[in-house]
Each structure stands twice: as structure tokens, then as C-alpha cells.
Amino acid sequence: MTSEERRRREAYLARKQRRKRQRTIQMIRRGVLSCLGVLLILFVMTKIFQKDDSPNAVQAEKSTPKVQSAQMKNKEEFQQKVIEKAPDFQVDLLTPNPYSRPQTALEKVKGIVVHYTANPGTTAAQNRSYFEGLKDMQKTKASSHFVVGLEGEIVQCIPSSEMSYASNDRNVDTLSIECCHKDETGQFTQETYDALVELTAWLCGKFNLPVESVIRHYDVTGKECPVYYVKNEDAWKKFKEDVQKYLDTNGTEKKEDAP
């Protein structure tokens, strides 16, 4: 075989090898595309069969928005009875200051928080004076919208449109009521209890609050305040029942505003 024939044969074999490689690459590409197509079909079929088209599922899907809408409507339509006659209380507002009356506007009254003074034997006036004195002591921040005394006297320290320093994270949307007590048990006198029921019911009517929105300081932070109602859950339940009973007995339906 001459050198020219050898060159031609080598060129022929090289061309043949290249065509073989090209066919192999094409086959691999077709195989990959076929696999991807199969995987895509399987994915789509899985999604289709995962959808729950049962009658119960379809019914739930249709009814859920209606149920949610009805619940929102009922919440919006809630109307607490109103106590037309306000309880007797003395308005003795604190001097505006950063430590007990910052004059920060409440966002909206969404609840009422009950506290106890933790100063056995002190009066409503004395506790009001303590809050007033914080502007001079400047050691801590504390106050309350109302203080109920041992004899059932009530002193208002902060307007219901302003925030008090009493209930931590709930300062911005609640009214606070501090209650005096005779001893370390924190149990209120009957006079204090009766005045607290009347005041709480009146506030519930005034701000259209359900009795469920009446809470303890304990329910906000876990602090044992008011201690007697933290240690005696049944007594706390009874208090809220008495507030509801007062509303049912003495409250009237709110009159619709004239057009």
C-alpha cells in the first residue's frame, strides 16, 4: 500500500469515527429529552391526583368563605348593653408627667385589666397620691385609670382616652383598675368588690366590650396580680359572672342613632 492510499484510508476511518460519535451523542440527547418528558408527565399527573375533588372537600371549599364572613359579621354586630347611670367616682386627674401620666392617646379600648395595689390597708386617695408623686421621685413609671378604695370609693386618675402605666404590653389598648385590699391575701372587701363590678360593667357598656375582654394583670404578664384572683380561679370566674349579671339586670340596649 502506497503512502497516498494509507493517507486516504486513515482519513476515511477518521470520518467514520466522527459519524459514529455524532450518532451516539444524538441518541443520548434523545434519551435525555424522553426521560425529562416522562418526568414532567408524572409530575403533572401527581398534582392532578393530589387534588381532593370529594364532595366534602368541594363543599368545605365553598362554605369556608361564607362561614368566615358570617363570623366577621357577628363580631361586627356585637353590641353590649349600656349602663346609663355612671357609678359615683371622683375625678382627680394626675398632673401630666412622663412617669405616671404621659398623655399618650389610647389606640382603642379593647379590654379592661384588673389589678390590686399590693399595699395592704392603703386607701384609694393614698394610691392616687403615690402615682402623683412619681413625677418628683422619677424612679419608676406606674399609674392606673381608676383606683377602687376599701369603702368602695372610686378615684379616676387618668382620662379613658389616655394610656396608663399599668399593664405592660396592653397599656396601649386597655383601661386599668387598681383595687385596694386590707391584707396580704389580696381579697377585696365587699364594698370594693361591689364598686368594681359596677365600674367594670359600666366601662364594658361604654366601650362596647364583651365581659370576656375583662382580664387580670396576670393574664398579660404572668405576674400574680390581683393575687387573690390568681390563686382563686373560681372567684375570678364568679366576678366575671357578676359583671355579666349586672349588665343583664341594669343594662339597656343601645339606641340606634337617628338618621
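Numbering of residues begins at 1 and proceeds along the displayed sequence.
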Handout entry: Inter-residue atom distance Thr192.OG1 - Gln187.CD, 0.5 Å rounding
Key = 10.5 Å

Handout entry: From SG (Cys179) to CD1 (Ile154), nearest 0.5 Å
Key = 9.0 Å

Problem - Heavy-atom side-chain proximity of Phe207 to Ser213 below 4.5 angstrom - result: no

Practice task
Assess whether atom CG of Asp183 is packed by more than 12 heavy atoms of other residues, nucleotides or ligands within 6.0 Å.
Solution key: yes

Problem - Nearest heavy-atom neighbours spanning Thr252 and Glu84 - result: OG1-OE2, 3.3 Å

Handout entry: From CA spacing to verdict: side-chain contact (heavy atoms from CB on, under 4.5 Å), Met137, Tyr130
Key = CA-CA 10 Å; Met137 291 186 288; Tyr130 167 74; 4.0 Å; yes

Completion exercise
Glu233 meets the salt bridge (Lys or Arg N to Asp or Glu O under 4.0 Å) criterion, sequence neighbours left out, with Arg216

Exercise for the section: Please confirm whether the backbone N or O of Phe78 pairs with a side-chain atom of Asn208, one donor and one acceptor, at under 3.5 Å? Expected result: yes

Handout entry: CD-NE2 distance between Glu178 and His217, expressed to the nearest 0.5 angstrom
Key = 9.0 Å

Practice task
Say whether, by atom type as modelled, one donor and one acceptor occur between the side chain of Glu191 and the main chain of Thr189 under 3.5 angstrom.
Solution key: no

Exercise for the section: Check the pair Leu134, Lys141 against side-chain contact (heavy atoms from CB on, under 4.5 Å), reporting the backbone distance first and the verdict last. Expected result: CA-CA 7 Å; Leu134 292 177; Lys141 294 179 179 181; over 6 Å; no

Exercise for the section: Considering non-hydrogen atoms only, spot the tightest contact between Ile112 and Leu203 and give its length. Expected result: CD1-CB, 3.6 Å

Handout entry: Residues in ring pair (Phe, Tyr, Trp, His ring centres under 6.0 Å) contact with Phe131, at least two apart in sequence or another chain
Key = none

Fill in the blank from the handout: The reported gap from CG in Leu247 to SG in Cys204 (rounded to nearest 0.5 angstrom) is 6.0 Å

Exercise for the section: With sequence neighbours excluded, tell me which residues meet ring pair (Phe, Tyr, Trp, His ring centres under 6.0 Å) with Phe239. Expected result: Tyr193, Trp236

Problem - Co-membership, hydrophobic cluster, residues Val109 and Val214, 4.5 Å side-chain - result: yes

Handout entry: Hydrophobic cluster membership, Val147 vs Tyr99, 4.5 Å side-chain cutoff
Key = yes

Expected list for residues 86-96: side-chain donor-acceptor pairs under 3.5 angstrom, two or more places apart:
{"residue": "Asp92", "atom": "OD1", "partner": "Arg128", "partner atom": "NH2", "Å": "3.4"}
{"residue": "Asp92", "atom": "OD2", "partner": "Arg128", "partner atom": "NE", "Å": "3.4"}
{"residue": "Thr95", "atom": "OG1", "partner": "Glu132", "partner atom": "OE2", "Å": "2.6"}

Fill in the blank from the handout: In short, Val227 meets Thr185 closest at the heavy-atom pair CG1-O, 3.4 Å

Handout entry: Atom pair CD (Gln156) and CZ (Phe146), whose distance is rounded to the nearest 0.5 Å
Key = 4.0 Å

Problem - Connected via hydrophobic side-chain network under 4.5 Å: Tyr229 and Ile177 - result: yes

Fill in the blank from the handout: Partner of Asp242 under salt bridge (Lys or Arg N to Asp or Glu O under 4.0 Å), picked from Lys240, Lys238, Lys245, is Lys238

Handout entry: Joint hydrophobic cluster, Ile158 plus Leu175, side-chain heavy atoms closer than 4.5 Å
Key = no

What pairs of donor and acceptor atoms, side-chain ones from residues 116-126 against any protein atom, are under 3.5 angstrom apart with sequence neighbours left out?
{"residue": "Thr117", "atom": "OG1", "partner": "Asn119", "partner atom": "N", "Å": "3.3"}
{"residue": "Thr117", "atom": "OG1", "partner": "His181", "partner atom": "NE2", "Å": "3.4"}
{"residue": "Thr122", "atom": "OG1", "partner": "Asn119", "partner atom": "O", "Å": "2.7"}
{"residue": "Thr122", "atom": "OG1", "partner": "Asn127", "partner atom": "ND2", "Å": "3.0"}
{"residue": "Thr123", "atom": "OG1", "partner": "Gln126", "partner atom": "N", "Å": "3.1"}
{"residue": "Thr123", "atom": "OG1", "partner": "Gln126", "partner atom": "OE1", "Å": "3.4"}
{"residue": "Gln126", "atom": "OE1", "partner": "Thr123", "partner atom": "N", "Å": "2.9"}

Completion exercise
One should read off an interatomic distance between Ser164 OG and His115 NE2, to the nearest 0.5 angstrom, of 6.5 Å

Handout entry: Smallest separation among heavy atoms of Met163 and Asn171, with atom names
Key = CG-O, 3.2 Å

Handout entry: Over 12 foreign heavy atoms within 6.0 Å of CG, Asp169
Key = no

Exercise for the section: Find out if a path of hydrophobic residues (ILVMFWY) with successive side-chain heavy-atom gaps under 4.5 Å connects Tyr228 to Tyr218. Expected result: no

Exercise for the section: Let me see the working for Arg170 and Lys110 under side-chain contact (heavy atoms from CB on, under 4.5 Å), right down to the final yes or no. Expected result: CA-CA 9 Å; Arg170 295 300 306 274; Lys110 297 181 180 178; 4.2 Å; yes

Exercise for the section: Under 4.5 Å between side-chain heavy atoms, chaining through other members, with only Ile, Leu, Val, Met, Phe, Trp and Tyr counted: pull out the rest of the cluster around Ile215, sorted by chain and number. Expected result: Val113, Val220

Exercise for the section: Flag yes if more than 12 heavy atoms outside Tyr246 fall under 6.0 Å of its OH atom; otherwise flag no. Expected result: yes

Exercise for the section: Could you tell me whether the side chain of Gln80 and the main chain of Leu209 form a donor-acceptor pair under 3.5 Å? Expected result: yes

Exercise for the section: Consider only side-chain N and O atoms of Ser143 and Ser100, and report whether a donor and an acceptor are under 3.5 Å apart. Expected result: no

Exercise for the section: Please name the pair of heavy atoms, one in Trp202 and one in Ile83, separated by the smallest distance, quoted to 0.1 Å. Expected result: CD1-O, 3.3 Å

Exercise for the section: Without swapping roles, check the side chain of Ser176 against the backbone of His145 for a donor-acceptor pair under 3.5 Å. Expected result: yes

Problem - Closest approach of Val82 to Gly205 (non-hydrogen atoms, all atoms of both residues) - result: CG2-O, 3.9 Å

